[in-house]
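See below for the structure under consideration.
What you are looking at is a predicted structure, and each value in this text was computed from that prediction instead of being measured. Chain letters run A, B, ... following the sequence lines, proteins first and then strands; every chain starts at 1.
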Amino acid sequence: MINAVLVFNNSGQPRLTKFYTQLDTSVQQRLISEIFTLVADRSSSACNFLPLPPLLATTPSAAATPTQPHNDTPSLITYRHYATLYFILISTSTESPLALLDLIQVFVEALDRLFENVCELDLIFNFEALHATLGEMIVGGVVVETGLDKVVRGVREQGKVKKRREVGLGGADGLGVVGGLGMGRGWR
Amino acid sequence: MDLKATALLKLIYLEMFGHDMSWASFHVLEVMSCPRYLQKRVGYLAAVQSFRPDTEVLMLATNLLKKDVSSPLAPTMSLPLVTLPHIITSSLALSLLSDLLPRLSHSNPNIRKKTVATLYRLALVYPDTLRSAWPKIKDLLMDEDEDSSVTAAVVNVVCELGWRRPRDFLALAPRLFDLLVDGGNNWMAIKIIKLFATLTPLEPRLIKKLLPPLTKLIRTTPAMSLLYECINGLIQGGILEGTDGAREGEEIASLCVGKLRGMIVVEGDPNLKYVALLAFNKIVSSHPHLISMQQDVIIGCIDDPDVSIRLQALDLGSGMVNIDNMIAVVERLMQQLRNAPIASRRVDDGRSHTVSVEPAADSDGEDPEETLRPAAESQDETTALPAEYRTIIIHQILDMCSKDTYSNITDFEWYIDILIQLVNLVPITGQSTPELYGSSGRTLKNSSTSHEADASSAIGWELRNVAVRVSTVRAEAVRAANSLLSVSGSEGFFALKGAGGEGILTFVAWIVGEYVDGSVSSYHSLDSLIHPKVQSLSPMVICAYLQAIPKVLTSIVSQRLLDWSSEHKTMMSLLVARVIHFLEPLAMHSNLEVQERSIELLELMRVASQAITSHGLENDRGPLLLTRAMPQLFTGFELNPVAPTAQRKVPLPDDLDLGAPINKSLPRLLQLADQGPLAESEAAEFDSFYNKRPLPRVATGPTFNSLASLGPEPSSYQQTGDSIPDTDTVMRKRNQRRERNKDDPFYIGNDDVSSGTSTPFHDILRSANGEDVDVDSIPIMNLDLGDKTLTADGSNMETRRQKRRLPKKFDIVKDENIEYEDSGVAQSETASMGTMNDNGPFQQARDKTKKSLLQVDSRGLGSFSLDNSESVAEQLDIERQEAQDTEMAKALAEVERLRLEMQRASERIQATDGAPAEGTLVKKKKKKKLKQLTGDIEAQFRKPNPEADGGPVRGSQDADATLIAKKKKKKRKPEITRPDDEKELRAFEGGQDASSFRSQAVL
């Protein structure tokens, strides 16, 4: 199953955090920063799989015993880098690494359709829609939908997804995180 | 409320940045209960992000969740479905289960698939969920017309459940197989393959069935992920090994390997490279030869710019090497180490950085390529390697070489040379402080045992191993050790390099000391051993040095045994004086171990120096202390490697019976002690004295006890003493005593009289062996020394090697072990130890402690059976309750109907007042019959299991029975009365009559 979905930007500011297990806020933050330090150093040509950060690393003896090919321990961190954002999936060994990469791709494409040429700013102002999209794809760590059209339809059923500042959150400027990161830059 | 929702939304945003929002949980609940969907959504989102199992308002949310789950609007309904997995607790699961189950058959596929996923998470915290939900989930899976995405979701869930109890899912195999063959959904196919990989070990027949479609998929699929998972499934499911007919298995294996090779070479995608190497890593254990055929690709990957890919390739390395490619691979790695500049600057930066900012992660040093590339470009396009990676390379080289007790090495001089070179390449990121080491060497720490904690001591370990095991190159090893030692002493090489390189010195010093006779220049060694710089080394190293010094010294002495001249005498006294000079400051070393050893040695040296000075020149043999006594301290048996398991195999001597009483008369003595009140109280005193019980308790306890024990026995009887009481009373007394002492925390409980004393173990041994213990007679082991050639694979290997025009034949000493037990036992022993560790009672505890972050605890599910055959027998309480309820309702309805029926009948009878006698007769008959009928029904629902036709279809049978009864009645009805319904209402008396009937029925 998928243990967590994280999205943060190039400077490590989280844009979406979704943990499918309950964690303390401080631990979440530590985990994010650890993964960020891991991911930020990687060149674009490197592969999209990360070693486990210290917080998640366990002794190998606890890992898969020969009699049991899988276990509950998160063992796989897959990421993908789009423009200014990193998309991270933390999952157990029951997920296929390459399929997860595709899943991220579907997620981003769905966002792209919903926002029409999505950028980081859209996600800041409209992160509710971001959550909604994720909710259409993954429920409780289980992937429920991989079809792009169905995801988009599912989100649209919940209400119109608006572009940029039209939706509430008028005070988002006050948060001081807008900073023009990836403004208007397309995903692909 | 709109304002509140907006505020909450902002709060969620802040929460994402690490600000606690648990204080707002009540407001979250408020917004959750908003009627407007968009606000509600905000509320639910807030719940997802901020609620924890211990959030109090969760209790209040239950009703709201129940309400929303059964909302008529699909979007509203899906909100709690998505939220529940995050906040679920077992009590919440219990109360919501009944609301969730109907959602599995909701008309909207969207809802259905989300419900399936939610139920899975419910099952994790509350396994009983599955009992009621599983049949429905299975129906969803089996339904051919089901929406494809729902099927996919179900497959996902089944896959998650599958690995926990694969056996329960075997029944689903045919359907899954169909889905795999013509599902058309790659994601689902991947999951199914993953599931099958866990199923095949249980059902070997599946392999045959699976093989054709899988190979077809591998050959044809354009999707890389599916291809990879097919191969992975083949590997994990043990299909490669499991195929009957080795040829077929080989064929598939080589097909897989070929495809994987294609993934590495052709695609050029780092991800594919990485996963292909991962797969290689899994195959390598079963098909090493196939992998070594791919070594060119793999070695190519070792030079990949991506460190993760390199690491994977490296991991493969040790599995891949064989006697042919060994040297090439190692040389390649060495070259990589040599060419890459040591990333000193960067690492230093990283260190200061991490210390100041964030001590937890030193991953800045992880991949310094980007920043260092300009500097490194001048050097052959190589990139600086992070220190961590260097250490891993070194370890891998060592692992490759030492695999199977050096079976791959043909030239040990080369190996020693490599080792020496490696010493110079050990990264500096010194593990100067354990904290720093903890962060930088985390991968290492995970993968290595204590003795090879850092690279240099691992090298030292290897060097020593070679020196001990391979006697032919021992001289070479000693020479190497000497050179290392002198370098370290005179130039302060390691002091410069920081603590990182020190690890090897311990081993080097040991080699020099132990095999000093082979060394040409003992003086030289001694010089470097007592170099003043040594004192700045770490205590561990100094200890090793201190042990080596006297060994070297005695060897120097013994070289000059025959000509003891004045010249020699002065030289010796000079040497001894130097050693003393070296030792004196160490005697005040802060480390206790160093202190102790140096003081011991210091005293010895002082005695030796006295002996030298007092020794006259006339005796040409030199002082006895130096020539005889000291060498004897250090010469003796040659040390040989001993297997770690050898100690356990030391057989128990035949004459040693650990169960035998030490003192045969002990029981009698104890009995005697039990008899006399004097002895008793004495024993009690003893007890109290030795156990140092607090005084007040001593005062009350024992006196009370002795009094109590006096009670049942006549004192005169006890005074006589010579008459031994019958065993009964003895037993009784003993039991009393035991009872008394049971609660005494200071008393060591004893079940057996003979083992009651706290005799140390060696005493038992000694007494059992008799007075004169002959140490030599204890058969510890048969020492079969060095002359045993180690060819792990027997003669086949041997001949092969000989054909290979070996320049030298190396004898590698195997680990010593007890002869009569072969290595298979050792293996099985370790294996059994492993399984013990795995399955033993510690497992649970360990699981608990080692539970990783983010991990979902699903142990509850593991023990949960889904077996359908049992499910009837062990129906869930709720279900049983439900069934009973429906039965009851049915029965009640029947009663009611019958009552009405009777009412009607009586009315009719009443209505036809002046009817012939026939009518009344029928009425009476009918009354009787009805009474009997209702009685029957009563009986039926009073005991839910009617003997005659109990079973699952009970309810329907009942219904049938009553139906028949009704039919009978109806048949008769037309005969008696006109079918006149209005009359019923009019007839008042009839109602009374009916009520009397009812009372009868109740009776």
Side-chain angles (χ1 to χ4, degrees), chain A residues 1 3-4 14 17 19-23 25-27 29 34 37-38 41-43 45-49 51 54-60 62 65 69-70 72-74 90 94 96-99 101-102 127-128 131 135 139-147 150 154 157-159 168-169 171 175, chain B residues 6 9-10 13 15-18 20 38 41-42 45 52-53 75 81-82 85 110 113-114 117-118 120-121 149 153 156-157 159-160 163 187 190 194 197-198 224-225 228-229 236 270-271 273-275 305-306 308-309 360-361 363 366-367 369-370 442 446-447 838 850 852-856 858:
Chain A
M1 64 176 285
N3 296 86
T17 57
F19 292 89
Y20 292 99
T21 42
Q22 284 151 340
L23 273 189
T25 315
S26 58
V27 184
Q29 293 302 316
E34 277 186 6
T37 45
L38 281 179
D41 277 337
R42 300 178 73 86
S43 62
S45 65
C47 68
N48 291 347
F49 307 104
L55 256 184
L56 293 178
T58 46
T59 47
T65 50
H70 303 299
D72 287 323
T73 340
I90 305 175
T94 41
S96 156
L98 292 174
L101 284 177
D102 288 348
F127 76 105
E128 221 195 330
H131 279 285
V139 172
V142 180
V143 179
V144 292
E145 186 56 74
T146 51
K150 281 181 180 165
E157 270 170 18
Q158 297 184 19
L169 257 196
L175 295 174
Chain B
T6 316
L9 200 58
K10 290 181 184 174
Y13 194 83
E15 201 266 352
M16 189 160 71
F17 284 83
D20 185 49
L38 281 179
R41 191 169 76 168
V42 174
L45 180 57
R52 306 279 175 264
L81 288 181
V82 174
N110 224 346
K113 71 189 181 201
K114 282 178 184 169
T118 308
Y120 163 66
R121 288 303 295 264
S149 59
N156 272 337
V157 168
C159 178
E160 286 297 332
W163 63 262
W187 180 273
I190 287 171
K194 283 224 168 231
T198 58
M224 273 300 157
S225 52
Y228 170 66
E229 285 306 327
Q236 275 194 346
N271 292 327
K273 249 185 207 177
Y274 181 81
V275 292
D306 186 357
S308 338
I309 291 181
S363 22
E366 176 91 4
D367 190 359
E369 285 153 325
E370 301 229 292
R442 116 184 86 73
N446 289 343
S447 65
D838 287 341
K850 278 186 187 160
S852 157
L853 222 69
L854 281 180
Q855 183 174 334
V856 183
S858 68

Among [options], which residue has the highest count of heavy-atom pairs closer than 4.5 Å to chain A?
options	result
B:Leu81, B:Asp20, B:Ile190, B:Leu45	B:Leu45
B:Ala153, B:Ser149, B:Cys159	B:Ser149
B:Arg41, B:Glu229, B:Glu15	B:Arg41

Max heavy-atom pairs within cutoff under 4.5 Å with chain B, candidates A:Ala99, A:Ser26, A:Pro97, goes to A:Ala99

Any side-chain heavy-atom pair of B:Asn156 and B:Tyr120 under 4.5 Å | no

For residues A:Thr17 and A:Gln29, determine if any side-chain heavy atom of one lies less than 4.5 Å from a side-chain heavy atom of the other.
-> no

Aromatic ring pairing B:Phe17/B:Tyr13, orientation class (parallel under 30°, perpendicular over 60°, tilted between) = tilted

Parallel, tilted or perpendicular: which fits the ring planes of B:Tyr274 and A:Phe49, with parallel below 30° and perpendicular above 60°?
-> parallel

